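Report on the following structure.
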Amino acid sequence: QVQLVESGGGLVQAGGSLRLSCVASGRTFSSYAMGWFRQAPGKEREFVAAISRSDGISYYADSVKGRFTISRDNAKNTVTLQMNSLKPEDAAVYYCAADHRQYYGSRYEADYDYWGQGTQVTVSS
C-alpha cells in the first residue's frame, strides 16, 4: 500500500505560479511512475502530466505544455508540479497518482493504483 498526500494548492492570480507537491509513503518510491490529474466542478477528471520511474522522463497534456513542469525527488519520495502562467481554466482539484505496474506514467486514470485526496487550486482573473 502507498499513501499519497498532496499540498501546495491555493489562490493565485491569473498569470501567477504555484508549486504542488505530493509525498508518498514507503521505501520504493522510485519504482512507481507518477502522474497528476485534475478535476474542475462539473467536469471529468483529466490528465495533466506524468513522469517515469527513476529517470524522470515526463510528458504533458497539450493544455499545459510549456507552462507546467513535473519532476520527482526519489530521495524525498516526492513528485512536484510546477505551474506557471496559470489561467482561470486551470482551476481544479489536483490529484497525485502512482502506478506500480508501468515504467512510464499513463494518461489514463484507470492505470493508476494509488491516489491522493487532492489539493485545490483556484485562479482568479
Side-chain angles (χ1 to χ4, degrees):
Q1 294 289 329
V2 174
Q3 295 184 25
L4 305 173
V5 180
E6 302 98 334
S7 63
L11 174 64
V12 65
Q13 290 279 347
S17 298
L18 283 174
R19 186 191 300 267
L20 306 184
S21 294
C22 173
V23 179
S25 66
R27 296 176 290 178
T28 58
F29 178 72
S30 63
S31 68
Y32 289 83
M34 302 295 297
W36 285 97
F37 291 75
R38 66 188 183 187
Q39 187 169 26
K43 296 184 178 180
E44 295 288 314
R45 190 171 299 185
E46 66 175 346
F47 169 76
V48 177
I51 190 165
S52 68
R53 298 176 180 178
S54 300
D55 59 357
I57 304 300
S58 60
Y59 66 101
Y60 302 88
D62 288 342
S63 59
V64 305
K65 285 181 179 178
R67 300 188 298 119
F68 291 11
T69 302
I70 187 171
S71 61
R72 67 191 299 158
D73 185 339
N74 292 331
K76 297 181 179 179
N77 283 13
T78 299
V79 62
T80 298
L81 186 69
Q82 177 66 45
M83 305 186 295
N84 298 327
S85 301
L86 282 161
K87 305 174 181 179
E89 51 263 45
D90 294 318
V93 176
Y94 282 71
Y95 297 90
C96 176
D99 178 0
H100 78 282
R101 294 169 293 175
Q102 302 180 85
Y103 187 86
Y104 296 100
S106 171
R107 66 182 298 168
Y108 300 108
E109 183 176 354
D111 287 339
Y112 289 85
D113 303 289
Y114 306 103
W115 292 83
Q117 294 301 304
T119 185
Q120 177 72 53
V121 172
T122 303
V123 184
S124 63
S125 59

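Position 1 is the first residue of the sequence; numbering continues from there. Quantities reported herein were computed from a predicted structural model and do not represent experimental measurements.
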Inset, instruction - For S54, check side chain to side chain donor-acceptor pair (under 3.5 Å) against everything at least two apart and list the hits. - result: none
Inset, instruction - Can you sort out the partners of Y108 under ring pair (Phe, Tyr, Trp, His ring centres under 6.0 Å), two or more places apart, ordered by chain and number? - result: none
Inset, instruction - Take the angle between the ring planes of Y95 and W115 and call it parallel below 30°, perpendicular above 60°, tilted in between. - result: perpendicular
Inset, instruction - Side-chain contact test, heavy atoms from C-beta onward, threshold under 4.5 Å: evaluate it for S124 versus V12 and give yes or no. - result: no
Legend entry - Inter-residue atom distance Q3.CD - N77.CG, 0.5 Å rounding: 12.5 Å
Legend entry - Heavy-atom pair with the smallest gap, counting every atom of V123 and P88: CG1-N, 3.7 Å
Legend entry - Shortest non-hydrogen contact from A24 toward V2: CB-CG1, 4.2 Å
Inset, instruction - With rounding to the nearest 0.5 Å, note down the distance linking CG in D111 to NE2 in H100. - result: 11.5 Å
Inset, instruction - Provide the full list of side-chain hydrogen bond (donor to acceptor under 3.5 Å, both in side chains) pairs with a residue in residues 42-51, sequence neighbours left out, each pair given once. - result: R38-E46
Inset, instruction - Would you check if S71 and Q82 make a side-chain contact, meaning some heavy-atom pair closer than 4.5 Å? - result: no
Legend entry - Cationic tip of R72 above F29 ring, under 6.0 Å, 45° of axis: yes
Inset, instruction - Side-chain contact test, heavy atoms from C-beta onward, threshold under 4.5 Å: evaluate it for Y112 versus F37 and give yes or no. - result: yes
Inset, instruction - Could you tell me which residues satisfy salt bridge (charged side-chain N to carboxylate O under 4.0 Å, His left out) with D73, sequence neighbours excluded, listed by chain and number? - result: none
Only pairs under 3.5 Å count here: list side-chain donor-acceptor contacts from residues 58-67, not counting sequence neighbours, and write none if there are none.
unit_1: Y59; atom_1: OH; unit_2: G105; atom_2: O; d: 2.3
unit_1: Y59; atom_1: OH; unit_2: S106; atom_2: N; d: 3.3
unit_1: Y59; atom_1: OH; unit_2: R107; atom_2: N; d: 3.0
unit_1: Y60; atom_1: OH; unit_2: I70; atom_2: N; d: 2.9
unit_1: D62; atom_1: OD1; unit_2: K65; atom_2: NZ; d: 3.1
unit_1: R67; atom_1: NH1; unit_2: S85; atom_2: O; d: 3.0
unit_1: R67; atom_1: NH1; unit_2: D90; atom_2: OD2; d: 2.7
unit_1: R67; atom_1: NH2; unit_2: S63; atom_2: O; d: 2.9
unit_1: R67; atom_1: NH2; unit_2: D90; atom_2: OD1; d: 3.0
unit_1: R67; atom_1: NH2; unit_2: D90; atom_2: OD2; d: 3.4

Legend entry - For L20 against W36, the heavy-atom pair lying closest together: CB-CH2, 3.8 Å
Legend entry - Over 12 foreign heavy atoms within 6.0 Å of CD, Q120: yes
Inset, instruction - Is it possible for you to say whether L4 and I51 belong to one hydrophobic cluster, with membership spreading through side-chain heavy-atom contacts below 4.5 Å? - result: yes
Inset, instruction - Enter the distance from L81:CG to F68:CZ here, rounded to the nearest 0.5 Å. - result: 6.0 Å
Inset, instruction - Give the minimum heavy-atom separation between R53 and S31, together with the two atoms involved. - result: NE-O, 2.6 Å
Legend entry - Side-chain heavy atoms of C22 within contact of T78, under 4.5 Å: no
Inset, instruction - Ignoring hydrogens and angles, tell me if any N or O in the side chain of E6 forms a donor-acceptor pair with the backbone of Q117 under 3.5 Å. - result: yes
Legend entry - pair V121-M83: side-chain heavy atoms closer than 4.5 Å: yes
Inset, instruction - With the side chain counted from C-beta on, respond yes when L86 and L18 share a heavy-atom pair under 4.5 Å apart, and no when they do not. - result: yes
Inset, instruction - Report the distance from atom OH of Y103 to atom OG of S52, rounding to the nearest 0.5 Å. - result: 4.5 Å
Inset, instruction - Would you mind reporting whether Y32 and Y114 have side-chain heavy atoms less than 4.5 Å apart? - result: yes
Legend entry - Atom pair CG (N84) and CZ (R19), whose distance is rounded to the nearest 0.5 Å: 8.5 Å
Inset, instruction - Search all heavy atoms of V79 against all heavy atoms of C96 and return the closest pair with its distance. - result: CG1-SG, 3.7 Å
Legend entry - Results of side chain to side chain donor-acceptor pair (under 3.5 Å) for E109 - residues two or more places apart only: none
